[in-house]
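First comes the structure, then the notes that go with it.
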Amino acid sequence: PKSSCLVTARRRLWPTIPLLAFLLGTASFGESALQTAAKQPARAISLTEAIRLAVKQNPTLAKAISDVHSAHARILEASGLDDFIVDGSANWLSNHVTLLDVRLAQSATNQIGFAASLTRPLPTGGRLGLRLGANWTQFATAAGTLPASNHRFTPSIFLTFAHPLLKGAGVDIGRADRRRAQSTRAIAQLQRQMVATGLLRDVSQAYWDLARATRQLEIRRASLEQAK
């Protein structure tokens, strides 16, 4: 019975050995960290330096500042809604055909085209555009010993207008992105101000609490020395 009880006790204690080793290692590590921190000399800092360090190392304030920068970038993006849009294109086409029959016949087509457009977005949600184009085409044929060639030049000009008719029309809808960006920046700035104000309050309160506790400790030590 004694041997069976020992075996049972060993079986019950065996799973807890790694946990005990981890706890002992953690305790020794924490004790060594405290001893290392105690050996380091304390240094006095001013309230201004404490606030500067808190502002530099606070992740919440850093995120609030980043949100303000992102909101400002959205305003810059929305400011280009009224910019002119320029578009241009060019093309070249060459086609040569040779027919083999009783007489040797050849045909060739060369075509060059250019196009350019200027579009202005309207504050009400529409677009007004001007498009210019030109095509130059050369036809050449040869049947036996009788060549023939002609040219054709085709200029063009287009005035385009597009605008929504129902719910998509109006300045309130056409420039909603700009107002949304401005509201987002205002909210981000308020949040940054709230985070900075709270951080200054907490750091100042903790600083003066520590100063008061340090002064009380000095008074008690002086009283203890006088009592001795």
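Judged as a salt bridge (charged side-chain N to carboxylate O under 4.0 Å, His left out), the pairs with a partner in residues 56-67 (not counting sequence neighbours) are, in order, K63-D67. Listed by first and then second residue, the salt bridge (charged side-chain N to carboxylate O under 4.0 Å, His left out) pairs that reach into residues 152-173 come to none, sequence neighbours excluded. Evaluation of the ring-ring contact (aromatic ring centres under 6.0 Å, His included) test over residues 113-137, restricted to residues two or more places apart or in two chains, returns W136-H151.
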Between R127 and T160, does a side-chain contact (heavy atoms from CB on, under 4.5 Å) hold up when you go through it step by step?
CA-CA 8 Å; R127 288 172 175 264; T160 62; over 6 Å; no
From CA spacing to verdict: side-chain contact (heavy atoms from CB on, under 4.5 Å), V68, H72:
CA-CA 6 Å; V68 173; H72 184 67; 5.6 Å; no
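Summarising the geometry, atom CG belonging to N58 is positioned 12.0 Å from atom CG belonging to L53; distances are rounded to the nearest 0.5 Å. Between the CZ atom in R131 and the CG atom in L118 there is a gap of 12.0 Å [rounded to 0.5 Å]. The distance from the CG atom of L130 to the CG atom of L159 is 6.5 Å, given to the nearest 0.5 Å. With rounding to the nearest 0.5 Å, the separation of CG in N150 from CD in Q138 is 8.5 Å. With rounding to the nearest 0.5 Å, the separation of CD in Q191 from OG1 in T60 is 11.5 Å. Atoms CZ and CZ, on F161 and R120 in that order, are 13.5 Å from each other to the nearest 0.5 Å.
Under a hydrophobic-cluster definition in which Ile, Leu, Val, Met, Phe, Trp and Tyr are linked whenever side-chain heavy atoms come within less than 4.5 Å, directly or via other members, F153 and I112 are assigned to the same cluster. In the hydrophobic clustering of this structure, L47 groups with L199; members are Ile, Leu, Val, Met, Phe, Trp, Tyr whose side-chain heavy atoms approach within less than 4.5 Å, directly or through other members. I65 and I75 end up in different hydrophobic clusters when Ile, Leu, Val, Met, Phe, Trp and Tyr side chains are linked at under 4.5 Å. In this structure, V203 is a member of the same hydrophobic cluster as L61, with clusters built from ILVMFWY side-chain heavy atoms closer than 4.5 Å. Connection of I85 to L81 is not established within any shared hydrophobic cluster, with ILVMFWY side chains joined at heavy-atom distances below 4.5 Å, either directly or through further cluster members.
For the salt bridge (Lys or Arg N to Asp or Glu O under 4.0 Å) test, no residue two or more places apart in sequence or in another chain qualifies with R74. Not counting sequence neighbours, H69 has no partner by the ring-ring contact (aromatic ring centres under 6.0 Å, His included) test.
The shortest non-hydrogen separation linking Y207 to A50 is CD1-CB, 4.3 Å. Counting all heavy atoms, side chain and backbone alike, G125 lies closest to P164 at O-CD, 3.5 Å. Across all non-hydrogen atoms, the minimal contact from S79 to R178 is O-NH2, 4.0 Å.
Contact of the R175 side chain with the P121 side chain is registered, since non-hydrogen atoms from C-beta on lie closer than 4.5 Å.
The residues R221 and E218 are annotated as not salt-bridged, no charged nitrogen and carboxylate oxygen being separated by less than 4.0 angstrom.
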Please list, one pair per line, the donor and acceptor atoms closer than 3.5 Å that link side chains of residues 87-94 to other protein atoms, with sequence neighbours excluded.
residue	atom	partner	partner atom	Å
S94	OG	H96	NE2	3.1
S94	OG	N110	OD1	2.9

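Annotation for Q182: atom CD counts as buried by contact number, over 12 foreign heavy atoms lying within 6.0 Å.
When atom types are taken as modelled, the side chain of T197 and the backbone of Q193 share a donor-acceptor pair closer than 3.5 angstrom.
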